[in-house]
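The structure appears below as structure tokens.
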Amino acid sequence: MELKRIAGLGRELAGFLRPFADCFGRQEPRSLLNAYVRGQLSSCQRKSVEPMAIATGTAPRTLQAFLESVNWDEEKLVDRCQGIVASKHADPRAIGLIDESGVPKSGTDTVGVARQWCGRTGKIDNCVVAVHAGYATEGFHCLLDSDVYLPEDWANDPERRQKACVPEEVAFRTKPQIAQGQIARALQNGIRVAAWTFDELYGRDSKFLDFVEREKKQHFVAEVPRSFHGWVRTPQALRQAPPNARQGGGRNKKYPRPARKSPPCGGHN
């Protein structure tokens, strides 16, 4: 979209941003939000700070400061956005999406940067990974939530955290744990979907699947690895050894475990 066309939107763009104004304490960051959104919508080939700032007539250092050091209520903004989606774009056939993205980085100071799987390059690479929750209907799609994945080495390095201004309350969470928080928040804000979908990183995590199906009563369509095994019907579980269990040598059985009369466990083909 050309900047001239964006400028022509005028009141419409201002009206779109108005519900989020109270997420920013002062007038200056509110105007910088406007500049940032205009830059993201523009035809700039690189959506980094400098070209977006120049295209919108904003000093690059000012826009950079807006992104790195201006205090604003991110939690309120996400909740407000999800509330708008829930009220204006509700659809019984909507699909919720859990996915991640990797952005290659050359340095070592960006929060969360590490050698890890990067979907963009298709290999283990030096990158930053974020977990996202999305929402899609036949005629509408949007991002509901997004969190940077903080590798365990980062989370356990106080000096590195302090240098990168990582808040004290941010702790290590696996990607499925991050996704759990995103799904719980979306549901709390009124988001309803026919099903959630995600790849095998999440589909092989039994705790995540139990959270989605049993705790949150959600339907899902998941990719699973070839080694995945499961039951078509829930098996009877033994929580402890029965009173007549034989005692003696051999390996101790672990509990809980399926009862002998449980249906067989099948693999994925």
Show which side-chain atoms of residues 111-123 pair as donor or acceptor with protein atoms under 3.5 Å away, not counting sequence neighbours.
{"from": "R115", "atom 1": "NH2", "to": "I124", "atom 2": "O", "distance (Å)": "3.4"}
{"from": "Q116", "atom 1": "NE2", "to": "G112", "atom 2": "O", "distance (Å)": "3.3"}
{"from": "Q116", "atom 1": "NE2", "to": "C127", "atom 2": "O", "distance (Å)": "2.9"}
{"from": "T121", "atom 1": "OG1", "to": "C118", "atom 2": "O", "distance (Å)": "3.4"}
{"from": "T121", "atom 1": "OG1", "to": "D125", "atom 2": "OD2", "distance (Å)": "3.3"}

Heavy-atom closest pair, residues [X] and [Y]:
X	Y	value
G203	V224	O-CG1, 3.7 Å
W154	T108	CZ2-O, 3.9 Å
Q82	A186	OE1-CA, 3.2 Å
P60	I54	CG-CG1, 4.5 Å
V148	V128	CG1-CG1, 4.0 Å
P51	C44	O-SG, 3.7 Å

### Message
Using side-chain heavy atoms (C-beta onward) and a distance below 4.5 Å, is R173 in contact with D147?
### Response
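With C-beta onward as the side chain, the pair touches.
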#### Entry: Any side-chain heavy-atom pair of F172 and V170 under 4.5 Å
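Side-chain contact under 4.5 Å: no.
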Would a single hydrophobic cluster contain both [Y] and [X], if residues Ile, Leu, Val, Met, Phe, Trp and Tyr are joined by side-chain heavy-atom contacts under 4.5 Å?
X	Y	answer
V37	L67	yes
V85	L187	yes
V166	Y149	no
F16	L32	yes
V131	L143	no

Any donor-acceptor pair under 3.5 Å linking the side chain of [X] with the backbone of [Y]?
X	Y	answer
N126	K105	yes
R30	F24	yes
K47	S42	yes

Would you say [atom1] of [X] has more than 12 non-hydrogen atoms from neighbouring residues, nucleotides or ligands within 6.0 angstrom?
X	atom1	answer
E169	CD	yes
E223	CD	yes
E68	CD	yes
F140	CZ	yes

Could you pull out all donor-acceptor pairs under 3.5 Å where a side-chain atom in residues 94-101 meets a protein atom, sequence neighbours excluded?
{"from": "E100", "atom 1": "OE1", "to": "Y202", "atom 2": "OH", "distance (Å)": "3.1"}
{"from": "E100", "atom 1": "OE2", "to": "K175", "atom 2": "NZ", "distance (Å)": "3.1"}
{"from": "S101", "atom 1": "OG", "to": "H132", "atom 2": "NE2", "distance (Å)": "2.7"}

Going from [atom1] on [X] to [atom2] on [Y], what distance comes out if it is rounded to the nearest 0.5 angstrom?
X	Y	atom1	atom2	answer
R38	M52	CZ	CE	12.0 Å
Q177	K207	CD	NZ	8.0 Å
Y135	R192	OH	CZ	10.5 Å
D22	L77	CG	CG	9.0 Å
D145	I191	CG	CD1	10.5 Å
L13	L41	CG	CG	7.0 Å

### Query
Under 30°, 30 to 60°, or over 60°: which ring-plane class applies to F198 and F208, parallel, tilted or perpendicular?
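Answer is perpendicular, since the angle exceeds 60°.
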### Query
What's the verdict on side chain to side chain contact (heavy atoms under 4.5 Å, CB included) for F66 and L33, showing C-alpha distance, side-chain angles and the deciding distance?
CA-CA 8 Å; F66 167 72; L33 172 66; 4.1 Å; yes
### Query
Any salt bridge (Lys or Arg N to Asp or Glu O under 4.0 Å) pairs touching residues 153-168, not counting sequence neighbours?
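Sorted result for residues 153-168: D109-K163.
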### Query
Does V103 sit in a hydrophobic cluster with other residues, and if so which ones, taking ILVMFWY side chains as linked at heavy-atom separations under 4.5 Å, directly or through other members?
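Members alongside V103: none; it stands by itself.
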Please tabulate, for the side chains in residues 211-221, all donor-acceptor contacts under 3.5 angstrom to protein atoms that are two or more places apart in sequence or on a different chain.
{"from": "K217", "atom 1": "NZ", "to": "R214", "atom 2": "O", "distance (Å)": "2.9"}
{"from": "Q218", "atom 1": "OE1", "to": "W196", "atom 2": "NE1", "distance (Å)": "3.0"}
{"from": "Q218", "atom 1": "NE2", "to": "K216", "atom 2": "O", "distance (Å)": "3.1"}

#### Entry: side-chain hydrogen bond (donor to acceptor under 3.5 Å, both in side chains) involving R185 - partner list, sequence neighbours excluded
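R185 satisfies side-chain hydrogen bond (donor to acceptor under 3.5 Å, both in side chains) with E75, D79 once adjacent residues are dropped.
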